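So the structure is just underneath, and the comments pick up after that.
Quick caveat, the model's predicted, so the values are computed rather than measured.
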Amino acid sequence: MRSVIFAVLLGAACTAAAQMYRWTDDKGRVHVTDTPPPPNSAKDVQKRRVTISSAAVPQPAALPYAVQLAAKTFPVTLYTARECEPCGEARNLLNSRGVPFREVLVADETQQAELRKVAGALAVPSVLVGSNVQKGFEEGAYHSLLDIAGYPKAGAVPVRSQAEPQPAAPPAEAEARPAEDTTDAASGPYAPGAKATGIRTRK
C-alpha cells in the first residue's frame, strides 16, 4: 500500500483535488491513504475529498499530511502539573509519535476548572484526543487513542521536542509600586526627613 506522499506536488502551481481514504485493517490499525483500501479486509472506510494547491502542500519542515489530518479532526490537549513524573512520560510519548499537542500546566483555579470540565476530576496527567479523555498515564491506552484518531505510529514521522511549559513569572515588586511624587513636598529645616541642624525641638 502506497504511503501518502505529497512532496511530488511541490512544483505544481495548479489546484487539484485528491480522494483520501481512512480505514481500519483486520488487526485494528488505522490507515490514511490516497488509494482505495483492500475490499475484503478494510473496515470503517471513510472517503474524503481534499483540495490541494501548491500553496497548501506541506513543506519539509511542516507537519506530514497524515498528522495534519488527524490533528484537525482529533486535536490533542495534555493536562500536566509541575514535578509530575507521569506527566513527563505522557509528553515524551506524544513527542515520540510526532503528535502536535497543546499542554495546559494546571496551576490556578481557571486551569483547574478546565480540567474538571474535561476529565471530571483533578487528575494529571490527563489527555484529551478529540472528545476522548484518558485520566492518568497508561502507555497502551495513549497509543490506542492516537491509533483510533489516525496519528501515525512512532517512527513513521519525525519526533517532536515540545518541552514542559513554564509558569508565568510574577510582576516585579518595583514595577508594581508607583513612584513617589515629591513635587509638592515640604522643604526647609523643619520638613520631614530634613537633616539635623543643631536645633533641638522642645518636648
Side-chain angles (χ1 to χ4, degrees), residues 3-7 9-10 20 22 24 28-34 46 48 50 52-53 55-172:
S3 299
V4 181
I5 301 176
F6 291 113
L9 299 177
L10 287 174
M20 302 301 303
R22 184 176 183 272
T24 306
R29 295 175 296 193
V30 178
H31 302 263
V32 179
T33 63
D34 58 353
Q46 300 177 21
R48 298 192 182 190
V50 181
I52 305 171
S53 66
V57 175
Q59 301 299 316
L63 296 174
Y65 177 75
V67 177
Q68 292 186 53
L69 184 61
K72 182 178 180 180
T73 311
F74 299 96
V76 176
T77 302
L78 178 66
Y79 294 88
T80 60
R82 301 284 292 174
E83 300 180 359
C84 167
E85 183 175 347
C87 298
E89 295 175 356
R91 185 184 306 108
N92 291 338
L93 185 147
L94 296 176
N95 279 327
S96 70
R97 289 190 57 156
V99 175
F101 60 96
R102 166 179 170 253
E103 182 169 347
V104 177
L105 188 63
V106 181
D108 58 31
E109 293 183 359
T110 301
Q111 295 155 346
Q112 292 173 9
E114 180 180 342
L115 178 55
R116 281 197 185 96
K117 183 177 180 180
V118 169
L122 289 177
V124 292
S126 286
V127 67
L128 182 67
V129 182
S131 60
N132 299 314
V133 65
Q134 167 66 32
K135 291 183 288 186
F137 177 68
E138 202 284 304
E139 185 174 350
Y142 272 52
H143 283 304
S144 179
L145 284 177
L146 296 173
D147 290 344
I148 293 172
Y151 286 96
K153 300 283 188 180
V157 295
V159 300
R160 293 168 55 85
S161 57
Q162 186 167 325
E164 177 183 357
Q166 298 300 315

Give me the atom names and distance for the closest heavy-atom approach of Val67 to Pro100.
CG1-CD, 3.5 Å

With sequence neighbours excluded, residues passing side chain to side chain donor-acceptor pair (under 3.5 Å) with Glu114:
Tyr79, Arg102

d(Thr80 OG1, Leu115 CG) to nearest 0.5 Å is 10.0 Å

Quick check: does any side chain N or O of Ser96 sit under 3.5 Å from a backbone N or O of Leu93, one acting as donor and the other as acceptor?
yes

Measure the NZ-CG distance between Lys72 and Leu63 for me, rounded to the nearest 0.5 Å.
13.5 Å

Closest approach of Ala81 and Glu164, non-hydrogen atoms and distance?
O-OE2, 4.3 Å

For Arg91, enumerate each residue passing the side chain to side chain donor-acceptor pair (under 3.5 Å) test, keeping only those at least two apart in sequence or located in another chain.
Glu103

Working to the nearest 0.5 Å, report the span between CZ of Phe137 and CG of Leu78.
10.0 Å

Using modelled atom types and a 3.5 Å cut-off, is there a donor and acceptor pairing between side-chain atoms of Arg160 and backbone atoms of Val99?
yes

Nearest 0.5 Å, please: how far is CZ in Phe74 from CG in Asn132?
7.5 Å

For a 4.5 angstrom cut-off between non-hydrogen side-chain atoms, does Val76 reach Leu145?
no

Could you walk me through whether Arg82 and Leu105 pass the side-chain contact (heavy atoms from CB on, under 4.5 Å) test, one step at a time?
CA-CA 7 Å; Arg82 301 284 292 174; Leu105 188 63; 3.6 Å; yes

About how many Å separate CZ of Arg97 and OH of Tyr151, when rounded to the nearest 0.5 Å?
10.0 Å

Heavy-atom closest pair (Ser126 atom, Gly136 atom, distance to 0.1 Å) is OG-N, 4.3 Å

Hey, could you give me each pair passing disulfide (SG to SG under 2.5 Å) that has a residue in residues 97-131? Not counting sequence neighbours.
none

Spacing of NE2 belonging to His143 relative to NZ belonging to Lys153, to within rounding of 0.5 Å:
8.0 Å

